[in-house]
Novice: 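Please read through the structure below; I'll follow up with questions.
What's counted below: heavy atoms across the whole structure, side chains too, no hydrogens, waters or symmetry copies. Throughout, numbering of the chain's residues begins at 1 and tracks the sequence.
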Amino acid sequence: MASGVADITSRAPVEAGSRFRIGSMTKPFVATVVLQLGLHRTSVPGDDTAIIGPHPRGSVRLGACAPLGDITAITPSVAGASGEMISSTGDVNRFPAALLGGRLLRPAQLRKMMRTTVRTALCAGGPSRSW
């Protein structure tokens, strides 16, 4: 089963045999999770700067005295994995509920993920602890 559009400009539909360029190994895993959880308002746009549907606008001050500039149409991939996914608040809430509710990992994997590890590093000012 295939759904969605293969090309945003032409609105050509995705077909079962459609092929897509994947820029990293994580994208297939992200796509699988998005589909399994039914996150229909989540996308990973890559270099595309268009945000489909209603959305807030983003602003940034590019210098201490600079005016606010609109950065809504910036490619989110400049931030790598930290900024490449666009999602609705409902989908954002569904992901941790599914993760912590055991829908994405086996019980042993979830226990390992939830285990806190204290690390001590030697820093210039002496030992430093982090979790």
Novice: Only one of R111, M113, K112 passes side-chain contact (heavy atoms from CB on, under 4.5 Å) with L105; say which it is.
Specialist: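 That would be M113.
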
Novice: Of all heavy-atom pairs between L100 and M114, which one has the smallest distance, and what is that distance?
Specialist: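 What the structure gives for the nearest pair is CD2-SD, 3.7 Å.
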
Novice: Identify the heavy atoms of Q36 and R103 that sit nearest to each other, and give their distance.
Specialist: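 Looking at all heavy atoms of both residues, the shortest contact is O-NH2, 3.9 Å.
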
Novice: Is D70 paired with R57 through a side-chain N to carboxylate O contact shorter than 4.0 Å?
Specialist: yes

Novice: Minimum heavy-atom separation for S87 to T42, with atom names?
Specialist: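 Minimum heavy-atom separation between S87 and T42: OG-OG1, 2.6 Å.
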
Novice: What's the separation between atom CG in L110 and atom CZ in R115, rounded to the nearest 0.5 Å?
Specialist: 11.5 Å

Novice: Got L104 and L37 here, is their nearest side-chain heavy-atom distance under 4.5 Å?
Specialist: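 L104 vs L37: side chains touch.
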
